[in-house]
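Order of appearance sets the numbers: ligands from 1, and atoms from 1 within every ligand.
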Amino acid sequence: MLAKTAAAGSTGLHPDVLAMSTSLDQDLHMVREDLAGSMAHLTMLARQELIPADAATALKGGLIQLAREARAGTLQLPREEDVHMAVESELGRRVGAASGFLHTARSRNDQVSTDLRLHVRERCLVHLDGLLSLLSEVCDRAEVERDTLMPSYTHRQRAQPISAAYWLLGTASQLQRDVEAFRWAFSGANALPLGVGAIAGSSLPIDREFTRALLQFDRLTLNGLDTVGDRDFMLDYLYASSRLLLHASRFSTDVIDYSSREFGFLELDGEIACGSSMMPQKKNPDVFELVRGKSGPQLGDLVSLLVTVKGLPGGYNRDLQEDRGPLLATGARVQAVLATLALALPRVRFNVERCFAALKADATQATDLAEALVARGMPFREAYKKVGALVRMAQERGTALNDLSPNLAQEMDECFTGDVMASAQVSCSVARKVTAGSTGPASVEAQLNTLRAFVTRTREELAGAPRLDTLLGSLMEAPL
Ligand code: ARG
């Protein structure tokens, strides 16, 4: 592919250098952002009477045409170095000499930063939408699974009984933090760079505040030198995305393990279980492996941008163009993971019997037994030792703690009364938990209520956030 450029004084550039340096194909994913930025800039220039009214009108007409075509997906731009030059050159073709006024008091440095910030802002809102839907889906499923009991794990060894709702709400809590992270990334990106020019500002009386209001940014960037070399907002977005994908990856590992024959707690519907090309009996959890797999390249993309920025001198440096790959890959990846999890979750079923059998087979209620003794006045460390001895005795006899006869237990130590033993049955373990944040029914209910209120509140708070297409539409309609 050959690129050309009308950028200042570079007509002699070797075609291979141009081909190597072009970002056009990636930039085309941000063409609506670029057009929105240009429309706002143009409106401001016209209002400040920095360009002739007839040129402004012609330019506005040209930009509206381009925006319509961009929305319809039919826009063809010339093969220029980047989207900024391509738009300018196409405007030249369509409106003639008036196109030369658009770049007044603007540089591609503040322009690209504006496009990127609009893009990150939009991505955050799209991801937040998907995340909030997934979060409420997980809550709904948790509600259904309140009475499904299963073991919890520490060190991948059976620990204590929990409800499946509690397991699901563990992931929901992570998703809640991901919502907060994307909101943080959104507000980091929500500052207008346009108007700082190449680095030092402009001697022309532009009105950055007016442009800011048009593009619905909530503030101006503070310092132009910082602005043109700043990709912190993008790092924040990549970090929020990486953390979400880590959470998705860890959840997937649980699902993959729990759906294996070794655990047998979960079954995947045929629609999401993949077969093997050779082994006819296989029902593989590829979908969750693919979700887990996405976290690898995601971490790579975060590190990639960190390394690109590391050690750059102040101001704009062309290295920054490498930001586009990680940015675009991240957006697509996050959406794919959110959509896949939302689709897969209802297609995963619990095998209630296998879950309960796993609880009973081990002494998962041993801590409850110790607590039952503590409740009767015994120091915890003593209770711990006595229960430990009881567990060993049950193991030696090949009996589950749950099935140990009360007489045998009391023979071993008289503290193990029928009452104590009955209160520490596996089936009552979850119901007996009373602390905040526990697997106990009241706490699970409270967790559900907190998360649902969080979803409702966040949706309300985000309802007025500026969406790119609406913004572009209103800029197209706004008078000059
Ligand atoms: N294509 C460039 C980028 O994506 C735009 C900024 C170019 N600025 C410059 N001074 N050459 O970063």
- Message: Go through it in stages, so that I can follow the logic: the residues are Glu69 and Arg94, the test is salt bridge (charged side-chain N to carboxylate O under 4.0 Å, His left out), and I'd like the CA-CA distance, side-chain angles, deciding distance and then a yes or no.
- Response: CA-CA 13 Å; Glu69 290 167 30; Arg94 296 193 189 197; 2.8 Å; yes
- Verdict with reasoning, Arg324 to Asp115, per salt bridge (charged side-chain N to carboxylate O under 4.0 Å, His left out): CA-CA 11 Å; Arg324 226 91 357 123; Asp115 293 6; over 6 Å; no
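- Side-chain contact of Arg106 with Ser38: a donor-acceptor pair under 3.5 Å is present, judged by distance alone.
- The stretch residues 265-285 participates, sequence neighbours left out, in these ring pair (Phe, Tyr, Trp, His ring centres under 6.0 Å) pairs: Tyr258-Phe265, Phe263-Phe265.
- Pocket lining of ligand 1, defined as residues with a non-hydrogen atom under 4.0 Å away: Ser23, Asp82, His84, Arg108, Asn109, Val112, Tyr316, Gln321, Arg324.
- Residues Leu480 and Thr43 form a side-chain contact, since some pair of their non-hydrogen atoms from C-beta on lies under 4.5 Å apart.
- Using modelled atom types and a 3.5 Å distance limit, the side chains of Ser241 and Arg333 yield no donor-acceptor pair.
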